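Below: the structure, in structure tokens.
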Number of protein chains: 2
Amino acid sequence: MTSRVLIKDLSALADGPVTVSGWVDTVRDQKKVQFIVLRDESGAAQLVNPALRALPVTDAEAGTVALEGEELAAAEARLATTEAISDLANGSFITVTGQLKQDERVKLGGLEVKIESLTVVSEAIAETPIATDSGLDKRMDWRFLDLRHPKQNLIFKIQTTFLHAMREYWVDNDFIEIQTPKLMASASESRAELFEVEYFEGKAYLAQSPQFYKQMAQSAGFGKIFEVGPAFRADHSFTSRHATEFTSVDTEISWIDSHEDVMNLHEELLVAGFTAVKAKHGDAIKELFDVEITVPSRPFPRIPLAEAKQIVAERGYEIPRADDDMDPEGERQISAYVAEKLGHEFVFITDYASSIRPFYHMRHEGDPSLTNSYDLLFNGTEISTGAQREHRIDVLVAQAEDKGMDPEELGTYLDFFRYGVPPHGGFGMGLARVLMLMLHQASIREVTYLFRGPTRLEP
Amino acid sequence: MTSRVLIKDLSALADGPVTVSGWVDTVRDQKKVQFIVLRDESGAAQLVNPALRALPVTDAEAGTVALEGEELAAAEARLATTEAISDLANGSFITVTGQLKQDERVKLGGLEVKIESLTVVSEAIAETPIATDSGLDKRMDWRFLDLRHPKQNLIFKIQTTFLHAMREYWVDNDFIEIQTPKLMASASESRAELFEVEYFEGKAYLAQSPQFYKQMAQSAGFGKIFEVGPAFRADHSFTSRHATEFTSVDTEISWIDSHEDVMNLHEELLVAGFTAVKAKHGDAIKELFDVEITVPSRPFPRIPLAEAKQIVAERGYEIPRADDDMDPEGERQISAYVAEKLGHEFVFITDYASSIRPFYHMRHEGDPSLTNSYDLLFNGTEISTGAQREHRIDVLVAQAEDKGMDPEELGTYLDFFRYGVPPHGGFGMGLARVLMLMLHQASIREVTYLFRGPTRLEP
């Protein structure tokens, strides 16, 4: 590996020689002194070079150089470095060796590096196609440049920490990680939002969720499983919350009594994730996003859907839907209520009507119009759906027929239940939604490495 | 949650009342005593029931029952339990409450549970469609039943441990996790093995690898990244090593000097993974697979391809290929040589010819016929390809043209290099191949949750 010091580690070093590598954030090319702000994956630092614009001459008219030998070579090197810096395009990757000096007068990190030698490792085109005030769509066209900004970089460090904390919870609690196939012979959710794949002489479909296959793990006796992977929806909507490909966080457990067990697991995972994010990135998030991360207190509030709708109605908002569901404004309203009254950023809306839930959600023992299910809202937006699943084959088939489905179409899915399956449930959670709402961003596009939408397949 | 004791925890308990839940592995329904082997995700235990086939009668002819009151009720319950056990189908999920007795005469785990009550939670069809000696294809048809076998279950516990150990290495070393899109506007590797997706009014393609997007992260200044996710190849082959969808383990790092840095990272990750697997599952692997896990010693042997081919030739095997590549038998031969001479299960074959490597592999400084690349072989089979990437845009374009490619087709990929990118490299590794070879399995189908091949999309 190139022997370099990460910029974040410079502050702990004594004054002396160092080598740093990264890309040029900005250059201030003044007549007598040149400044480079160098950025790497860990931070930014100021590099300084006393400019030498011409070799000193004894006789200006004759142009006789006043130096010779080693002194001349050194001056020529300084001249070359000065010219190289004047020519530097923002974004170029460079390696610099120089003298580190801790100096609290320097605003950026209280230190600077006086340049002794500079190598341009990879030159950038001088004109940068995006600026900090470019529109989101333009920034997405040049996502690899957009991601160089410290805020964007931090988002993916946060994502790494968040996912790892959840995985540690899962592994510590004996969950098995599965990788379910994304190529399927039939739909996993609804035929309406299905991508079709040319599959040799036939057709395949992209999994809209790992739903069937995480249930299969319960039939297989795996007990507790998790998966973090892509899911695909041929959804033509252009909202800030939708993508045609997204990262789904999924888990499923056996031997539950009801969806209450799933909600408890959900709380534990989110507390683990938020605790780790706050500990590792809390200060940086405050600085770059002006957001104070709150580790949610347990239990999260739970409000049955019917009651939530009544509360929203009492706040003066009438949900303009023909069915029993909430709408995005209703979700914002009930979340605002919970924030005001209960001081919580999360709320489980429970007991959704069977009419608006998939056939595989278990219905209430005494009231088949309601399901053992929930949506989890975070800062006003749905991030997840969870439920106890119907594991009794006869009931499951009846519920599918009740939804107007042909059980034949469910193919091998129903087999999972014919050879025994314990009571089970789980949830699927959109990773980008969590990050968007955690960091108070306006769109999942800001927190997705490379967004995919109906008109966006590049870069 | 159902309050139950996991079977693996029974051995640490004192004799007394317990509740266990799981599925019926086998029933031995003898006249006087019934045995159930109950299995859950943690193990198997023997349940025993002294059969009561009929209520005791005082007068056999008249059928007068000899009991009354509580005794009668108890006897009727035992009768019902006996009948329930006689009717039990293998695979049914049950919950049993009874008296635990540690008894070293019991072969299975040195304990048994005397049944007091038994609830059939989910009944299985009596006829199981597969047996332990069923063929692989048949077992895959009924994968959820196949996965109930302890060996299959252990595979996914091993996979969980292996992946988590690598992720811990990555996170501890400040790698950023990325989720790259699987929907692309163009090919990521070769147009020959590309799945086409109907994408609204146009077409999309499934990513054959995250290659372009993990390189993009280097241009974005992420420094070090990793991803574990699906990759797709429209490959019509039916070998034991190929699938149309597989889990790819990917990592990429900046500021390398050569592929040697990538190989060092590769070694560290594998040592982390094998160490964790041996510590957590070594005994179980020995017992169920009769395999002794060896944590590989560092450095792994490195042999340039040309030398490897010479060694193989000297062993009397002539590689029947027109190009410069190895073939599977050649890989087995060189691995056998390494095992014999160097006592190592792994070997890096390095410096592949440019003619058989993709255009984006960096070529030797002094000899453009060779690349800064390697394949990693494990127990005779390739599990991974790694390389330093060409980061100089002019060289990259020339190499693409040299391969007969039209740089226009590379679209936004080339942009990643136009705005600066540090020297970088990485590898992609097939997760299933590692597990197959680690556990001495004959096919990746044995170690894939749900295999996908040209004629296999279900379940």
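Note that the coordinates shown come from a computational prediction; the quantities given were computed from them, not determined experimentally.
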Check: Do E458(A) and R456(A) sit within salt-bridge range, that is, some charged N less than 4.0 Å from a carboxylate O?
Finding: no

Item checked: Max heavy-atom pair count under 4.5 Å with chain A, selected residue of E168(B), Q152(B), R167(B) -> R167(B)

Margin query: Counting heavy-atom pairs under 4.5 Å with chain B, which one of F417(A), W170(A), Y419(A) comes out on top?
Written below: Y419(A)

Note to self: Determine whether Y449(B) and Y213(A) satisfy the following criterion, ring pair (Phe, Tyr, Trp, His ring centres under 6.0 Å), listing intermediate values before the conclusion.
What the structure shows: CA-CA 9 Å; Y449(B) 184 67; Y213(A) 298 137; 7.2 Å; no

Notebook entry, point to check: Would a line drawn from the ring center of F195(A) to the ring center of F232(A) be shorter than 6.0 Å?
Noted result: no

Checklist line | Proximal component of I225(B), with respect to chain A [non-hydrogen, under 4.5 Å] | finding: neither

Item checked: Proximity breakdown for R148(B) and chain A, heavy-atom pairs closer than 4.5 Å -> both

Item checked: E123(A) portion near chain B, given a 4.5 angstrom heavy-atom threshold -> backbone

Note to self: Counting only non-hydrogen atoms closer than 4.5 Å, does H236(B) touch chain A with its backbone (N, CA, C, O), its side chain (CB onward), both, or neither?
What the structure shows: both

Checklist line | Sidechain N-carboxylate O distance under 4.0 Å for K203(A), E198(A) | finding: yes

Checklist line | Side chain / backbone / both / neither for L163(A) at chain B, heavy atoms under 4.5 Å | finding: side chain

Item checked: L145(A), part contacting chain B, at a heavy-atom distance under 4.5 Å -> side chain

Notebook entry, point to check: What residue in P423(B), G202(B), G420(B) has the most heavy-atom pairs under 4.5 Å with chain A?
Noted result: G420(B)

Margin query: Please classify the contact between R4(A) and chain B as side chain, backbone, both or neither, with a heavy-atom cut-off of under 4.5 Å.
Written below: side chain

Next item on the list: Taking the six-membered ring for Trp and the full ring for Phe, Tyr or His, determine whether the centres of Y169(B) and F226(B) are under 6.0 Å apart.
Entry: no

Margin query: For the residue pair T244(B) / Y199(A), report whether a side-chain donor-acceptor contact shorter than 3.5 Å exists.
Written below: yes

Margin query: I'd like to know if the side chain of S92(A) and the backbone of L88(A) have a donor-acceptor N/O pair within less than 3.5 Å.
Written below: no

Notebook entry, point to check: Under 6.0 Å between the ring centres of F222(B) and F156(A)?
Noted result: yes

Item checked: chain A contacts, top residue of N264(B), L147(B), D141(B), T128(B) (heavy-atom pairs, under 4.5 Å) -> L147(B)

Item checked: Side chain / backbone / both / neither for W23(A) at chain B, heavy atoms under 4.5 Å -> side chain

Notebook entry, point to check: Relative to chain B, which of A217(A), G22(A), S122(A), G223(A) shows the most heavy atom pairs under 4.5 Å?
Noted result: S122(A)

Next item on the list: Applying side chain to side chain contact (heavy atoms under 4.5 Å, CB included), run through D25(B) and L38(B) and close with a yes or a no.
Entry: CA-CA 6 Å; D25(B) 188 282; L38(B) 182 77; over 6 Å; no

Next item on the list: Could you tell me whether F144(A) and F416(B) have their ring centroids closer than 6.0 angstrom?
Entry: yes

Item checked: Residue pair E260(B) / Q388(B), side-chain donor-acceptor N/O under 3.5 Å -> no

Check: What pair of heavy atoms forms the shortest contact from F200(A) to D235(B), and how long is it?
Finding: CZ-O, 3.7 Å

Notebook entry, point to check: Does any heavy atom of chain B fall under 4.5 Å from the side chain of Q218(A), the backbone, both, or neither of them?
Noted result: backbone

Notebook entry, point to check: With only heavy atoms counted, which part of I253(A) is less than 4.5 Å from chain B, the side chain, the backbone, both or neither?
Noted result: side chain

Margin query: Taking side chain as everything from C-beta outward and backbone as N, CA, C, O, which of these in P230(B) sits under 4.5 Å from a heavy atom of chain A? Side chain, backbone, both or neither.
Written below: side chain

Check: Using a cut-off of under 4.5 Å for heavy-atom pairs, which of V262(B), V421(B), N153(B) has the most such pairs with chain A?
Finding: V421(B)

Item checked: Contacting moiety of S219(B), where chain A heavy atoms sit under 4.5 Å -> both

Next item on the list: Check whether any side-chain N or O of H164(B) sits under 3.5 Å from a backbone N or O of F162(B) as a donor-acceptor pair, and report yes or no.
Entry: no

Notebook entry, point to check: Quick one: NZ on K182(A) to CD on E245(A), what's the gap to the nearest 0.5 Å?
Noted result: 10.5 Å

Note to self: Could you check whether any side-chain N or O of D261(A) sits under 3.5 Å from a backbone N or O of M1(B), counting only pairs where one atom can act as donor and the other as acceptor?
What the structure shows: yes

Notebook entry, point to check: Which atoms of E227(A) come close to chain B, meaning under 4.5 Å heavy atom to heavy atom: side chain ones, backbone ones, both, or neither?
Noted result: neither

Next item on the list: Taking the side chain as every heavy atom from C-beta outward, state whether Q159(A) and L431(A) have any pair of such atoms under 4.5 Å apart.
Entry: yes

Notebook entry, point to check: Which residue out of V121(B), T161(B), I393(B) racks up the most heavy-atom pairs below 4.5 Å with chain A?
Noted result: V121(B)

Check: Where on D394(A) is there a heavy atom nearer than 4.5 Å to chain B: the side chain, the backbone, both, or neither?
Finding: neither

Next item on the list: Under 4.5 Å heavy-atom distance to chain A, tell me which part of E127(B) shows up: side chain, backbone, both or neither.
Entry: backbone

Notebook entry, point to check: Quick one: CG on L410(B) to CG on L396(B), what's the gap to the nearest 0.5 Å?
Noted result: 7.5 Å

Note to self: Taking side chain as everything from C-beta outward and backbone as N, CA, C, O, which of these in W142(A) sits under 4.5 Å from a heavy atom of chain B? Side chain, backbone, both or neither.
What the structure shows: side chain

Item checked: Option that, when pairs with chain A are counted at under 4.5 Å, heavy atom only, ranks first among L183(B), T412(B), I176(B) -> L183(B)

Notebook entry, point to check: Is it the backbone or the side chain of A126(A) that comes under 4.5 Å from a heavy atom of chain B, or both, or neither?
Noted result: neither

Next item on the list: Identify which part of D174(A) has an atom lying under 4.5 Å from any heavy atom of chain B, answering side chain, backbone, both or neither.
Entry: side chain

Notebook entry, point to check: Given a strict heavy-atom distance threshold of 4.5 Å, which part of P181(A) is in contact with chain B: side chain, backbone, both, or neither?
Noted result: both

Margin query: Please classify the contact between L6(A) and chain B as side chain, backbone, both or neither, with a heavy-atom cut-off of under 4.5 Å.
Written below: neither

Check: Hey, does the side chain of D146(A) reach the backbone of H149(A) with a donor-acceptor pair shorter than 3.5 angstrom?
Finding: no

Margin query: Heavy-atom pairs under 4.5 Å with chain B: which of S42(A), A234(A), P422(A) has the most?
Written below: P422(A)

Next item on the list: Let me know if S254(B) has heavy atoms under 4.5 Å from chain A in its side chain, its backbone, both or neither.
Entry: backbone

Margin query: Given heavy-atom pairs under 4.5 angstrom as the criterion, report whether the side chain, backbone, both or neither of A89(B) touches chain A.
Written below: neither

